[in-house]
Amino acid sequence: MTEASFIGLLEATVSFGALLYLAALGEMITEKAGILNLGVEGMMAIGAVTGFVVALQTGNPWVALVAAIAAGALIGLLHGLFTVVLGAEQVVSGLSLTILGIGLAAYIGKGSVGQPAGAELVPVDWGPLSDIPWVGPVLFQQSPLVYMAVLAGLAAWFVLGRTRLGLAVRAAGESAPTADAAGHSVAGLRLGAVATGGALAGASGAYLTLSITPQWAEGVVAGRGWIAVALVIFGAWRPGRVALGALLFGLTLALKTRLQTFGVDFSPILLSMLPYLLTVGVLVAISIRSRNRPSPAPAALGIAYRREER
Amino acid sequence: MRWPVLARRDRVLRGGQPLAFGVGLVVALVVGVFLLVGSGHDPLRVYARMFDASLGDPRAWSVTLNRAVPLGLAGLAVAVAGSMGLWNIGAEGQIMAGAIGAAWVARIGGGWPGPVLVTAMLAAAVVGGGLLALGPAIARARIGVNEIITTLMLNEVAIRLVQWLIHGRWKDPGSHNFPLAPMLPDNGRLPTLFERAHVGVVLAGIVIALFGLAVSRTAWGYELRVAGSSGATARYAGISLKRKILTVLVLSGGVAGFAGGVELSGNADRITEGLSNGFGFAGIIVAALALMRPSGVAAVALLFGAVQIGGQSIQTMGVSSSVSTILQALILFGAIAAGVLGRYRIQMVAGETVETPSAGAES
């Protein structure tokens with residue numbers, strides 16, 4: 001194993017970790033407010049195609065990123081409309097959103113398959129920091145979205161844990177009638193959380209087509225949306241732990257294409273099962289532990305709230 | 001400020017789920033018109049082509065019926081679990097696990113007589129699907145692990161298991177280094193019924209009818225529905241919830257596995273990672289539209305089969321096949337909305353003042 005290939009592995013781990021973290025953070029915020037959105041895969045596809053197509057049209061990667069974030073929030077709000085306003089089954093609505101998102105993305109992107117990217121988000125140059133051996137390439141030559149993921153994580157930690165807004169969001173996810181009685185608009189909080197989740201999934205999708213693989217192909221999200229859903233559980237609904245999980249799962253994604261160059265005789269396909277199996281394991285562990293202490297999952301997760309029925 | 005809220009209607013609007021379903025279909029087709037016009041296609045011609053290719057003649061019907069088989073069985077799998085209030089989101093993976101079981105039997109039974117081999121393949125498919133559901137079933141029944149996430153996660157595991165097999169052990173030496181499993185032996189294929197339709201259409205119909213009767217007409221099904229509506233009531237009535245959860249989830253996985261076996265033996269040349277082309281996820285929509293009742297699953301599956309086959313046919317007109325994917329999701333969203341508006345009406349009420357300023361900004 002050469003030094004360069006090891007640095008490359010760490011660099012890719014951080015990059016994939018940030019990709020997963022953006023989407024997982026969005027799902028975490030959504031679930032904190034009591035809404036399960038299994039549409040992450042579809043919202044990421046919408047973000048990916050919007051970013052790519054807008055970059056083609058405008059040549060500006062930042063406009064493309066903003067458009068992808070807006071598109072993600074918008075399609076996320078569709079889930080909000082159905083689950084929050086109409087009180088529909090969250091599992092069904094979320095999975096349909098995945099199907100709709102993947103279908104719409106394929107439809108919108110049909111003319112862009114195989115085209116060269118209109119614009120890319122180039123790595124940030126941190127000056128002398130970027131030149132530090134090892135640390136520079138791994139931490140200070142990354143796409144702007146990596147740093148945005150870090151900022152988003154800090155913001156989520158601060159807002160959810162340290163502000164009244166965050167308290168209200170968590171109340172909506174723990175007990176909607178209580179939050180309502182305390183004078184909060186449960187519907188408003190939940191819609192806001194779902195839209196934020198969609199926006200972050202959109203950013204994550206755009207990261208794929210504006211930085212990681214700057215081209216459009218159907219199926220570009222390739223199951224990473226499901227990993228994001230898994231990460232929320234793996235990280236026990238805490239921004240910090242989800243970040244650690246994102247790095248770990250990012251490592252498995254980064255290792256997948258590199259096992260052979262490292263001379264490791266292990267199937268990359270079996271390796272890619274690991275995030276899902278680990279998540280099942282963590283879920284089982286949480287359930288065993290929560291016989292004695294409360295589960296970290298929001299208590300009202302998945303339960304619709306209609307005020308008149310409180 | 002005034003807010004729209006949903007208020008329960010005194011009387012549920014007539015028509016019920018078939019009407020909601022019809023509304024969903026209309027909504028989907030209308031949105032589809034905009035999509036098609038937007039990409040420069042004549043919607044009428046596209047829809048006419050979709051209809052002809054899926055329901056226009058016996059041959060079209062045969063293809064549509066073949067497609068309705070995995071959709072209906074996957075829908076049944078979800079509905080069986082759903083009638084007890086459980087979510088099996090893992091039909092996609094269980095279909096693959098079933099196909100692995102069937103393909104494994106086909107590998108060792110190349111010399112067996114056709115009926116024996118096919119029966120053994122389908123039995124192995126049921127076992128394969130059931131095995132994949134066994135873990136989540138035990139975890140849910142014994143320690144209360146949420147089955148939504150565990151079944152969902154195992155989808156990705158099962159698909160990778162197929163990839164691993166066809167990249168390794170099961171790779172056909174004659175495939176010129178492509179990761180392909182060998183072709184199924186001819187005696188491992190389901191016989192043809194008419195045109196392109198295979199006997200799996202009849203088998204799926206029988207299985208769906210049997211489960212429909214079991215859920216709606218037997219004591220077992222009654223207990224299932226009681227347990228689904230209230231766990232406490234079920235316990236008072238002496239129904240063992242743990243055992244019920246275990247059997248229902250494993251049965252649900254077995255039905256999805258059966259779909260994988262039938263799809264492999266009836267419709268595919270060999271096992272591939274794309275064998276369950278989203279059937280498991282579409283099955284969840286099918287079951288939701290059928291309100292988790294096995295009796296409605298067959299009809300919804302037939303219509304979804306027609307939409308999917310119609311969607312494939314319009315590719316020759318230069319229209320993306322993703323149109324049918326979009327239509328399927330829109331049918332569901334339209335039907336949900338129609339269903340809710342049948343039970344509730346929209347009423348404007350005055351909003352309350354919100355005390356905390358930070359939360360006020362959000363609401």
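Numbers restart at 1 for each chain; the letters A, B, ... are given by sequence-line order, proteins then strands. What you are looking at is a predicted structure, and each value in this text was computed from that prediction instead of being measured.
- The two residues B:H167 and A:I269 come nearest to each other via the heavy atoms ND1-CD1, 3.6 Å.
- Contact detail for B:G144 and A:S287: the closest heavy-atom pair is O-OG, 4.2 Å.
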Is there a side chain to side chain contact (heavy atoms under 4.5 Å, CB included) between B:N155 and A:Y276? Walk through the geometry before answering. CA-CA 9 Å; B:N155 283 335; A:Y276 309 104; over 6 Å; no
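- Heavy-atom distances place the side chain of A:S267, and not its backbone, under 4.5 Å from chain B.
- With a 4.5 Å cut-off on side-chain heavy atoms, B:I336 and A:E89 do not count as touching.
- When all heavy atoms of B:V340 and A:L86 are compared, the closest pair comes out as CG2-O, 3.5 Å.
- For B:I285, the part lying near chain A is the side chain, with the backbone staying farther off; criterion is any non-hydrogen pair under 4.5 Å.
- The shortest non-hydrogen separation linking B:A329 to A:S96 is CB-O, 3.6 Å.
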Intermediate values then yes/no, side chain to side chain contact (heavy atoms under 4.5 Å, CB included), A:M273 and B:L161: CA-CA 8 Å; A:M273 291 180 185; B:L161 202 57; 3.7 Å; yes
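- No other option in A:L100, A:L274, A:L78, A:V186 has as many heavy-atom pairs under 4.5 Å with chain B as A:L100.
- For B:L35, the parts sitting under 4.5 Å from any heavy atom of chain A are the backbone and the side chain alike.
- Of all residues in residues 228-236 of chain A, those placing a non-hydrogen atom less than 4.5 angstrom from a non-hydrogen atom of chain B are A:V229, A:A230, A:I233.
- Contacts of B:L332 with chain A are made by side-chain atoms alone, with heavy-atom separations under 4.5 Å and no backbone atom involved.
- Looking at every heavy atom in both residues, B:N146 comes nearest to A:L283 through O-CD2, 4.0 Å.
- A donor-acceptor pair is defined here as one N or O able to donate and one able to accept, closer than 3.5 Å; such a pair exists between the side chain of A:K110 and the backbone of B:G318.
- For B:A337, the parts lying under 4.5 angstrom from a heavy atom of chain A are both the backbone and the side chain.
- Residues A:V92 and B:W87 are in side-chain contact: their nearest non-hydrogen atoms beyond the backbone lie under 4.5 Å apart.
- Taking 4.5 Å as the limit, every side-chain heavy atom of A:I286 sits out of range of all side-chain heavy atoms of B:V145.
- The contact between B:L36 and chain A is made by backbone and side chain atoms together, counting heavy-atom distances below 4.5 Å.
- With contacts defined as side-chain heavy-atom distances shorter than 4.5 Å, the pair A:L277/B:V157 qualifies.
- With a 4.5 Å cut-off on side-chain heavy atoms, A:I102 and B:T325 do not count as touching.
- Once rounded to the nearest 0.5 Å, the distance linking OG of B:S39 with CD1 of A:I108 reads 11.0 Å.
- Only the side chain of A:F82 comes within contact range of chain B, with at least one heavy atom under 4.5 Å from a heavy atom of that chain.
- The distance between the ring centers of A:W226 and B:F281 falls below 6.0 angstrom.
- For B:L152, the part lying under 4.5 angstrom from a heavy atom of chain A is the side chain only.
- Within the 4.5 angstrom heavy-atom criterion, no atom of A:L81 approaches chain B.
- Here A:S93 is the residue among A:G87, A:G166, A:A297, A:S93 with the most heavy-atom pairs under 4.5 Å with chain B.
- Taking both residues in full, the closest heavy atoms of B:A282 and A:I99 are given as N-CD1, 4.4 Å, listed atom of the first, atom of the second, then distance.
- Contact annotation: the side chain of A:L270 never approaches that of B:R160 to less than 4.5 Å [non-hydrogen atoms, C-beta and beyond].
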